[in-house]
Trainee: 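Encoded as C-alpha cells, here's the structure I'll be asking about.
Chain letters run A, B, ... following the sequence lines, proteins first, then strands; residues in each count from 1. Excluded from the calculations below are hydrogen atoms, water molecules and symmetry mates; all remaining heavy atoms, backbone and side chain alike, are included.
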2 protein chains.
Amino acid sequence: MPNLEHLTKILRDRGYRITAQREIILGAIASSDDHMSAEEIYAKVQARTSTIDIATIYRTLEMLVEEGLACKTNLGTGEFMYATFQHGSHIHLICRKCGAVIDADHSALAKLEDSLLADYGFRPDLQHISLFGLCAKHAQKG
Amino acid sequence: MPNLEHLTKILRDRGYRITAQREIILGAIASSDDHMSAEEIYAKVQARTSTIDIATIYRTLEMLVEEGLACKTNLGTGEFMYATFQHGSHIHLICRKCGAVIDADHSALAKLEDSLLADYGFRPDLQHISLFGLCAKHAQKG
DNA sequence: ATGGTTATTGCAAATATTCGCAATTGTATG
DNA sequence: CATACAATTGCGAATATTTGCAATAACCAT
C-alpha cells in the first residue's frame, strides 16, 4: 500500500525530481480513501497552498499513470478519475443508460490478464478499469 | 453490420427524430472503415456541408453511445475515438510507456462477459474497449 | 558552498468537450 | 393542409485538459 514516502522513493529511484509541489500533490492523493478527479485533488491541494497550478496537478497525475502508480479511469462523468493502488482493485461497471456505477469483484479479470500476457506479452493495468454497458435493470429492457 | 438505413431505422424505432444533420453524420460514420475521433467525423461532415455544428456532432455521438450503437474509447491520445459495430470487435491494448497500440483478439473477453452477466446482471459493451498497461517490450523492463 | 545542467513549474493560451438558450424543425394530430 | 408540441440545432460561453515558453529550482559534480 503505497504511502507518500513509498511513492516518493519509487519516483526518485526512477530519476524523477521530488519537488515540493509533488510532495504536496502526492500527499493529497495518498491521504485519500477513494479515487478523485483532478479538480478534487486540486481543491485539496489549494486548501494547503494556493501556489500550485492546475497544470502541475495534471502533469503529476500523468507522471503517476505513466509509471503505473495510478490509474486514470473514465466513469462517464465528463472528467477522469484517478486512483492509486491503495484504493483497492475493482471493476467499475457503468450503465450507459442510467449512469449507475456498480463496483464488481476483480477476480473476473484473472483469466483476461493471463491470456493477454500469454498471447501478446502485454501486462494490463487492471486495478481500476471501467466498463460501459447495461445494468441489470436496463439489460432486461433491451 | 449496420449501414445508414439500418442505423436510422433503429433510431426511429426508439423514438428519435431523423434530422438531415443526423443522416449526414451517420453517413460519415457508416462509410468509415475505422474508428474516428469527433474532429475527424466533423471534418468529413464539413467536406459535405459546413452548416453542421461541432456540438451537434458530439450530441449525435453521445446518442449513439447511449443507444449502444457506437463505442466511445480512450486510446490515450487526448481525444476519444468512436467506433460502430461495423468496425469489428477487438481490444485495444495501449502501452502507458511508449503509447503503442496493439489490437488483441476479442475472444479473451468471453469469460469476463459471462461472469459479469451471471454475477451482476450487467451486460458489458465489449466490442471496442481499451486497456492500458505495458507492451511486451516495456513489460520485460519493469 | 558554488556553479552548471536540465527537469519542473506557473501562466496564458490552445484544444477537446459540454452546456445554456433561443430559434428551428420533425412529427403527430385534427 | 395547418397547427401545436417538443425534440433538435447553431451559437457562444463554460469546463476539463493540454501545450508552449520563460523563469525557477532540484540535483549533481567540483
Trainee: Quick check, are the ring centers of His106(B) and His128(B) under 6.0 angstrom apart?
Mentor: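 Not under 6.0 Å, so no.
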Trainee: Would you kindly check whether a donor in the side chain of Arg22(B) faces an acceptor in the base of dG26(C), or vice versa, at under 3.5 angstrom?
Mentor: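 No such pair is found, so the answer is no.
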Trainee: Rounded to whole Å, please give me the gap between CG in Asp53(A) and C1' in dA23(D).
Mentor: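 Roughly 14 Å, once rounded to whole Å.
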Trainee: Strictly below 4.0 Å: does Gln21(B) bring a side-chain N or O up to OP1 or OP2 of dG26(C)?
Mentor: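 Gln21(B) to dG26(C) OP1/OP2: no side-chain N or O under 4.0 Å.
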Trainee: Let me spell it out: for each of Ser50(B) and Gly78(B), pick the nucleotide of DNA chain D with the closest heavy atom. Which residue's pick is nearer the 5' end?
Mentor: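 Mapping each residue to its closest nucleotide by heavy atoms, the 5'-most match is Ser50(B).
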Trainee: Heavy atoms from C-beta onward define the side chain here; which of dG26(C), dA16(C), dT18(D) lies closest to that of Arg17(B)?
Mentor: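 Of the options given, the side chain of Arg17(B) lies nearest dG26(C).
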Trainee: So if I take every side-chain heavy atom of Thr56(A) and compare against dT25(C), dG10(D), dT9(C), which nucleotide ends up nearest?
Mentor: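 So the side chain of Thr56(A) is nearest to dT9(C).
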Trainee: Rounding to an integer number of Å, can you tell me how far Ile57(A) CD1 sits from dT8(C) P?
Mentor: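 Going from CD1 in Ile57(A) over to P in dT8(C) covers 15 Å.
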Trainee: Of the listed nucleotides (dC27(D), dC11(D), dT19(D)), which one gets closest to any side-chain atom of Arg12(A)?
Mentor: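 It is dC27(D).
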Trainee: Round to a whole Å and report the spacing from CD of Glu40(A) to P of dA16(D).
Mentor: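 One finds 11 Å between P of dA16(D) and CD of Glu40(A), rounded.
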Trainee: Please classify the nucleic acid contact of Thr51(B) as base, sugar-phosphate, or nothing, using heavy-atom distances under 4.0 Å.
Mentor: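 Sugar-phosphate, no base atom in range.
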Trainee: Could you tell me if Asp103(B) and His92(B) have a donor-acceptor pair between their side chains, going purely by distance under 3.5 Å?
Mentor: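 Distance-only check passes for His92(B) and Asp103(B).
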Trainee: Choosing from dT27(C), dC19(C), dA16(D), which nucleotide comes nearest the side chain of Ala55(B)?
Mentor: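 That would be dC19(C).
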Trainee: Once you round it to whole Å, what is the distance between P of dT18(D) and CG of Leu61(A)?
Mentor: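 The distance from CG of Leu61(A) to P of dT18(D) comes to 9 Å, rounded to the nearest Å.
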Trainee: Classify the side-chain pair Ser31(B)/Lys44(B) by whether it contains a donor and acceptor separated by less than 3.5 Å.
Mentor: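 Side chains of Ser31(B) and Lys44(B): pair found under 3.5 Å.
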Trainee: Where the side chain of Thr19(B) is concerned, which of dT9(C), dC11(D), dT9(D) is the nearest nucleotide?
Mentor: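 So the nucleotide nearest the side chain must be dT9(D).
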Trainee: Taking CE from Met63(B) and C1' from dT18(C), how many angstroms apart are they, rounded to a whole number?
Mentor: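 The distance from CE of Met63(B) to C1' of dT18(C) comes to 17 Å, rounded to the nearest Å.
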Trainee: Less than 4.5 Å apart, any side-chain heavy atom of Asp125(B) and any of Leu131(A)?
Mentor: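 Sidechains of Leu131(A) and Asp125(B): no contact.
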Trainee: Whole-Å distance between dT17(C) C1' and Met36(B) CE?
Mentor: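 Those two atoms, CE and C1', are 17 Å apart.
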Trainee: The side chain of Tyr58(B) is closest to which nucleotide in this list: dC21(C), dG20(D), dT18(C)?
Mentor: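 Nearest to the side-chain atoms of Tyr58(B), counting from C-beta on, is dT18(C).
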Trainee: Tell me: CD1 of Ile18(A) to P of dT24(D), nearest whole Å?
Mentor: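 After rounding, the gap between these two atoms is 22 Å.
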Trainee: Could you tell me whether the side chain of Ile10(A) reaches within less than 4.5 Å of the side chain of Glu67(A), counting heavy atoms only?
Mentor: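 Result no, sub-4.5 Å side-chain heavy-atom pair not found.
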Trainee: Roughly, in whole Å, what's the span from CZ in Arg59(A) to P in dG20(D)?
Mentor: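 Spelled out: CZ on Arg59(A) to P on dG20(D) is 10 Å.
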